[in-house]
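Data block below; observations after.
Just the heavy atoms: all of them, side chains too, but no hydrogens, waters or symmetry mates, feed the values below.
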Amino acid sequence: PATLMAFQDRTGLSTGESFIVEISQTDVYGFIAWSNNTFSGTISISIADPGYWTGALDTNWHNPGNWATGTVPDADADITIPGALARYPVVSNPATCASLFVANGGMLVLTNELSVTGLATISGILRLNGANPILSCNNDIIWTPTALLHEITSGIFDVAGNWIAQ
């Protein structure tokens with residue numbers, strides 16, 4: 001995914017100093033910035049996982065503003081839902097991801113289908129609400145000792161691999 005990097009001079013008046021960096025594979029990268037003048041400045045770099053939930057705006061899984069990169073994750077994304085947030089995701093329309101990790105203290109609410117093509121690890125709360133909540137996993141589900149299943153009104157677990165209770 002492409003990332004926009006914007007720069008300003010120390011007066012804050014400079015505009016248009018930005019560029020986009022696209023990292024296309026996992027590797028070790030470095031970053032160097034320099035100036036041809038004597039002014040100093042601050043450079044802030046934010047590197048975010050495209051599947052990292054922040055819940056910055058609301059609980060809608062499909063709202064780009066709730067994800068660290070500002071983009072709704074696609075089927076290739078490894079999803080991480082951390083603990084200690086004010087808002088947790090609700091999957092109200094079908095969604096697909098490569099892997100899923102719900103951290104201890106985190107929560108995921110399914111009111112529709114979430115399809116996980118890889119491994120799903122649940123260490124937090126999983127809620128199944130509504131008429132058609134489905135967790136479909138084409139690999140294993142790891143259910144850790146801190147995992148909880150809450151407020152089940154209905155639901156389906158479709159697991160192609162193993163259900164591993166730790």
What are the two closest heavy atoms between G51 and A77, and how far apart are they? CA-CB, 4.4 Å
Would you check if the side chain of N60 reaches a backbone N or O of H62 as a donor-acceptor pair within less than 3.5 Å? yes
Would you say L149 ends up clustered with V159 if hydrophobic residues are merged whenever their side chains have heavy atoms under 4.5 Å apart, either directly or through other cluster members? yes
Taking I134 as the starting point, is it possible to reach I122 by hopping between hydrophobic residues whose side chains are less than 4.5 Å apart? no
Separation between CG of L100 and CD1 of I141, rounded to the nearest 0.5 Å: 8.5 Å
Whether the side chain of R87 engages the backbone of G55 through a donor-acceptor N/O pair (distance < 3.5 Å, no angle test) should be reported. yes
Any sub-3.5 Å donor-acceptor pair from S154's side-chain atoms to G130's backbone N or O? yes
Quick one: does any side-chain atom of S123 pair with a main-chain N or O of T146 as donor and acceptor, under 3.5 Å? no
So if you build clusters from Ile, Leu, Val, Met, Phe, Trp, Tyr with side-chain heavy-atom gaps below 4.5 Å, do L126 and L148 land together? yes
Just how far is it from atom NE2 of H150 to atom CZ of R127, taken to the nearest 0.5 Å? 8.5 Å
Full working for side-chain contact (heavy atoms from CB on, under 4.5 Å) between V116 and S136: CA-CA 6 Å; V116 183; S136 176; over 6 Å; no
Closest non-hydrogen contact found for L114 with C97 is CD1-SG, 4.2 Å
Keeping N112 on the side-chain end and S92 on the backbone end, is there a donor-acceptor pair under 3.5 Å? yes
So which heavy atom on D140 is nearest to which on C137, and how close? O-SG, 3.4 Å
Under 3.5 Å, is there a donor-acceptor pair linking the side chains of N138 and T117? no
CG/L128 to CG/L135 distance, rounded to the nearest 0.5 angstrom? 7.5 Å
The test is side-chain contact (heavy atoms from CB on, under 4.5 Å); show your working for T111 and W61 and say whether it passes. CA-CA 11 Å; T111 63; W61 175 286; over 6 Å; no
Closest heavy-atom pair and its distance - N139, L119: CB-N, 3.8 Å
Could you tell me if N66 and D58 have a donor-acceptor pair between their side chains, going purely by distance under 3.5 Å? yes
List the steps and the verdict of side-chain contact (heavy atoms from CB on, under 4.5 Å) for F101 and I142. CA-CA 9 Å; F101 175 66; I142 298 175; over 6 Å; no
Here the pair of heavy atoms bringing T54 nearest to G65 is OG1-O, 4.0 Å
Answer whether the closest heavy-atom distance between the side chains of Y52 and P73 falls below 4.5 Å. no
V109 vs M107, side-chain contact (heavy atoms from CB on, under 4.5 Å): CA-CA, chis, key distance, verdict: CA-CA 7 Å; V109 180; M107 180 171 58; 4.3 Å; yes
Hey, quick one: are V102 and W163 part of the same hydrophobic cluster, counting side-chain heavy atoms closer than 4.5 Å, chains of contacts allowed? yes
When you group the ILVMFWY residues by side-chain heavy-atom contacts below 4.5 Å and let the links chain together, are I152 and I156 in the same group? no
Has the side chain of T59 got a donor or acceptor atom that lies under 3.5 Å from a matching backbone atom of V90? no
Below 4.5 Å, heavy atoms only, C-beta onward: do E113 and N132 meet side chain to side chain? no
Once you measure the plane-to-plane angle for W143 and F157, does it fall in the parallel (<30°), tilted (30-60°) or perpendicular (>60°) bin? perpendicular
